[in-house]
Visitor: 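Can you read through this structure? Questions will come right after.
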2 protein chains.
Amino acid sequence: MSAKPNLTPLPGACSACTVRPFALFRVVPQARVGEIARVRSAVRLVRANETIRDTVFTLYAGWAFSWTTMPDGRRQILDFHLPGDLVERSEDGAEVSALTDASFCVLARDRLCDFMGRDPGLAMSYAEGLSRDRSRLRERLTSLGRRDAVGRLAHLLLELHGRLLRRGGADRTGAPLPLKQAHLADALGLSVEHANRALALLRRQGVASLQKGRLEILDRAELEELAGWSSAPAEPPLVTVKV
Amino acid sequence: MSAKPNLTPLPGACSACTVRPFALFRVVPQARVGEIARVRSAVRLVRANETIRDTVFTLYAGWAFSWTTMPDGRRQILDFHLPGDLVERSEDGAEVSALTDASFCVLARDRLCDFMGRDPGLAMSYAEGLSRDRSRLRERLTSLGRRDAVGRLAHLLLELHGRLLRRGGADRTGAPLPLKQAHLADALGLSVEHANRALALLRRQGVASLQKGRLEILDRAELEELAGWSSAPAEPPLVTVKV
DNA sequence: CGTTCAGTTGAAAGGCATCAATTTAGGTGG
DNA sequence: CCACCTAAATTGATGCCTTTCAACTGAACG
């Protein structure tokens with residue numbers, strides 16, 4: 001029973017951080033990266049399915065997701081987190097778990113607040129992240145409210161593909177996607193069985209397939225059609241700050 | 001056919017603003033209210049159902065709501081806005097409309113950004129608002145994903161009641177609520193008919209009633225039970241900034 | 001080679017949408 | 001103050017989408 005070897009990279013020096021261009025601290029000029037290191041209180045590595053206790057962190061490698069449960073135990077996934085995302089475990093009872101093996105930098109909330117207090121650009125970067133989260137949630141709300149199972153699935157696949165594309169984690173025809181069908185179901189408000197059927201339909205129709213952790217987009221036009229996709233970007237540009 | 005008289009109050013001087021304690025500018029000390037006035041580019045009054053074109057404003061009186069439509073025309077209401085709320089019309093195609101007659105202060109985005117650039121506390125106040133929006137959306141997502149019609153309705157009624165309570169716009173047993181059943185339906189991802197049936201059930205069971213623009217909470221314990229209500233506040237306290 | 005988890009598939013039941021009317025509530029003009 | 005008109009609220013019947021319950025398959029693993 002040898003422990004599974006650990007292939008997940010750990011975050012190193014902030015100055016050479018590979019995800020910083022997509023992360024909260026993207027606005028901090030190279031000359032001041034030293035200040036970032038002082039906000040980082042720890043570096044951590046977790047295994048898939050482990051729940052994360054830290055309240056504020058930026059994901060470095062791997063995926064995570066936020067979720068809640070109903071009194072009857074059913075789960076609702078609120079959001080998926082990708083490398084570079086700032087994740088906050090809020091006080092409202094939502095939990096955060098690793099979807100894959102993952103590593104991240106824990107931030108000290110008070111020192112982060114200090115930093116934002118000194119650097120309005122950073123505060124605005126923080127706000128941008130919140131704003132993006134919000135529009136993603138709005139899209140999902142629309143999905144759950146007004147789309148059927150296939151539409152929801154198509155929409156989520158497009159959203160994730162887009163997010164990965166922007167970070168260089170995907171090409172036009174597909175991307176690695178470590179989600180189980182249970183994750184899709186819980187994110188889309190469906191039963192696992194029905195999520196499976198919707199996925200099977202997309203596959204049979206030659207629209208898209210998700211197998212062995214990889215998404216293949218076979219007919220993007222049709223996928224967008226099924227999703228009722230608005231060409232508008234899911235992560236729109238937001239307020240820009242002058243400092 | 002005389003025009004309906006206008007009873008909606010218009011915002012006046014920022015220094016005496018009645019909603020400021022709940023609004024973005026709550027963090028600006030009285031001594032500096034002058035700076036707020038420079039961010040306000042206009043004061044506006046709209047009639048119920050009118051759509052609002054301004055991109056950033058803080059609602060002063062009346063209700064508003066954000067919404068989108070699917071290609072087939074069905075509407076999804078994304079959020080309701082109450083007096084004091086900062087509202088942004090985002091670039092993602094969502095629209096904002098007045099739910100009742102309403103008045104608001106239009107803000108100049110660039111001057112607002114300037115202000116936030118100078119005042120980190122204000123930037124954090126902005127972020128807090130975003131964060132609250134986000135947790136509200138998360139709650140709603142959970143509703144649409146995992147609650148049945150009655151549960152969704154119960155949850156939304158409790159959410160709105162709570163928001164009103166915090167602003168002094170409600171008492172423990174009820175509150176004025178200007179929503180039509182169609183608004184409830186479109187917010188909850190239901191048909192109007194089914195929203196009606198759910199509402200009728202709550203009324204028949206003596207749990208809550210919504211009539212003539214007023215919500216009455218008759219049995220809060222039961223309403224919370226139906227909603228799967230977590231005692232956690234819907235608008236939790238967030239990061240605090242030191243300036 | 002047994003176990004377990006993810007993925008599939010089928011059948012039956014249920015919740016919600018849809019379609020169709022009807023009633024009620026407000027607002028308007030006479 | 002009443003008749004009238006339109007939007008909102010109701011109620012009923014029918015059908016579809018999704019859930020639920022029950023197996024069953026396949027792959028990974030010890």
Side-chain angles (χ1 to χ4, degrees), chain A residues 1-5 47-49 70 72-77 99-101 143-154 177-204 208-215 226 228, chain B residues 1-7 47-50 70 72-77 97 99-101 143-154 177-204 208-216 226:
Chain A
M1 60 144 288
S2 58
K4 191 176 62 171
R47 281 280 139 89
N49 299 320
M70 297 272 79
D72 68 359
R74 294 172 359 155
R75 180 174 71 169
Q76 176 66 45
I77 290 183
L99 185 59
T100 65
D101 291 354
S143 251
L144 299 214
R146 294 304 187 203
R147 277 189 258 262
D148 65 10
V150 173
R152 291 182 206 182
L153 180 57
L177 218 60
L179 308 186
K180 314 274 184 210
Q181 295 187 357
H183 294 122
L184 292 174
D186 287 342
L188 299 175
L190 299 171
S191 64
V192 185
E193 295 90 333
H194 204 68
N196 175 300
R197 284 185 254 261
L199 211 41
L201 188 148
L202 289 185
R203 196 184 319 127
R204 267 188 286 113
S209 81
L210 177 59
Q211 280 168 326
K212 300 179 210 277
R214 183 162 175 87
L215 165 71
L226 288 171
Chain B
M1 60 146 285
S2 58
K4 190 176 63 169
N6 173 24
L7 301 171
R47 281 281 140 89
N49 299 320
E50 221 172 294
M70 298 271 80
D72 69 359
R74 293 167 3 149
R75 180 174 72 169
Q76 175 66 45
I77 290 183
S97 301
L99 184 60
T100 64
D101 291 353
S143 251
L144 299 215
R146 295 303 186 204
R147 277 190 258 262
D148 65 11
V150 173
R152 292 182 205 181
L153 180 57
L177 218 59
L179 308 185
K180 313 276 183 211
Q181 295 188 357
H183 293 123
L184 292 174
D186 287 342
L188 299 175
L190 300 171
S191 65
V192 185
E193 295 89 333
H194 204 71
N196 176 298
R197 284 184 252 261
L199 210 43
L201 188 146
L202 290 185
R203 194 183 320 127
R204 266 187 287 115
S209 80
L210 177 58
Q211 279 166 328
K212 302 181 210 276
R214 180 157 179 91
L215 166 72
E216 292 295 343
L226 289 170

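Remember, it's a predicted structure, so these values are computed and weren't measured experimentally. Throughout, protein chains are lettered first and strands after them, A, B, ... in sequence-line order, and every chain is numbered starting at 1.
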Visitor: I'd like to know if B/Arg197 reaches the base of C/dG15 with its side chain, counting only an N/O donor and acceptor under 3.5 Å.
Guide: no
Visitor: Any N or O donor-acceptor pair linking the side chain of A/Arg74 to the base of D/dT20 at under 3.5 Å?
Guide: no
Visitor: Any side-chain N or O of B/Arg203 less than 4.0 Å from the OP1 or OP2 oxygen of D/dT10?
Guide: yes
Visitor: Going by the side-chain hydrogen bond (donor to acceptor under 3.5 Å, both in side chains) test, which pairs reach into residues 189-203 of chain B, not counting sequence neighbours?
Guide: B/Gln181-B/Asn196
Visitor: Does anything in residues 208-216 of chain B reach DNA chain D, meaning a heavy atom under 4.0 Å, and if so which residues?
Guide: none
Visitor: Starting at CD of B/Gln211, measure out to CG of B/Leu199 and round the result to the nearest 0.5 Å.
Guide: 8.0 Å
Visitor: For DNA chain C, which residues in residues 185-195 of chain A have a heavy atom at a distance below 4.0 Å?
Guide: A/Glu193
Visitor: Reading DNA chain C from 5' onward, which residue's closest nucleotide shows up sooner: A/Arg146 or A/Leu199?
Guide: A/Leu199
Visitor: To the closest 0.5 Å, what do you measure between CG (B/Leu226) and CG (B/Leu201)?
Guide: 8.0 Å
Visitor: With rounding to the nearest 0.5 Å, note down the distance linking CG in A/Asn49 to CG in A/Leu99.
Guide: 7.5 Å
Visitor: Is the closest side-chain heavy-atom distance between B/Leu210 and B/Leu202 below 4.5 Å?
Guide: no
Visitor: Between the main-chain N or O of B/Ala187 and the side-chain N or O of B/Gln76, is there a donor-acceptor pair closer than 3.5 Å?
Guide: yes
Visitor: Could you work out, with side chain to side chain donor-acceptor pair (under 3.5 Å) as the rule, every residue matching B/Glu216, not counting sequence neighbours?
Guide: B/Arg214
Visitor: Output yes when at least one side-chain N/O atom of A/Asn196 is less than 4.0 Å from OP1 or OP2 of C/dG7, else no.
Guide: no
Visitor: Just how far is it from atom CG of B/Asp148 to atom CG of B/Leu190, taken to the nearest 0.5 Å?
Guide: 9.5 Å
Visitor: Without decimals, in angstroms, what is the distance between A/Arg204 CZ and C/dT8 C1'?
Guide: 11 Å
Visitor: Is the shortest distance from a Lys or Arg side-chain nitrogen in B/Arg146 or A/Asp186 to a carboxylate oxygen in the other one below 4.0 Å?
Guide: yes
Visitor: With distance as the sole test, does B/Arg152 use its side chain to make a donor-acceptor pair with the main-chain N or O of B/Arg147 at under 3.5 Å?
Guide: yes
Visitor: What is the distance, to the nearest angstrom, from the CD atom on A/Gln76 to the C1' atom on D/dT19?
Guide: 15 Å
Visitor: To the nearest 10 degrees, what angle separates the axes at the start and end of the helix from C/dC1-D/dG30 to C/dG30-D/dC1, five pairs each?
Guide: 40°
Visitor: Using the 3.5 Å cut-off, write out each protein N or O paired with an N or O of nucleotides 3-6 of chain C and the distance between them.
Guide:
none

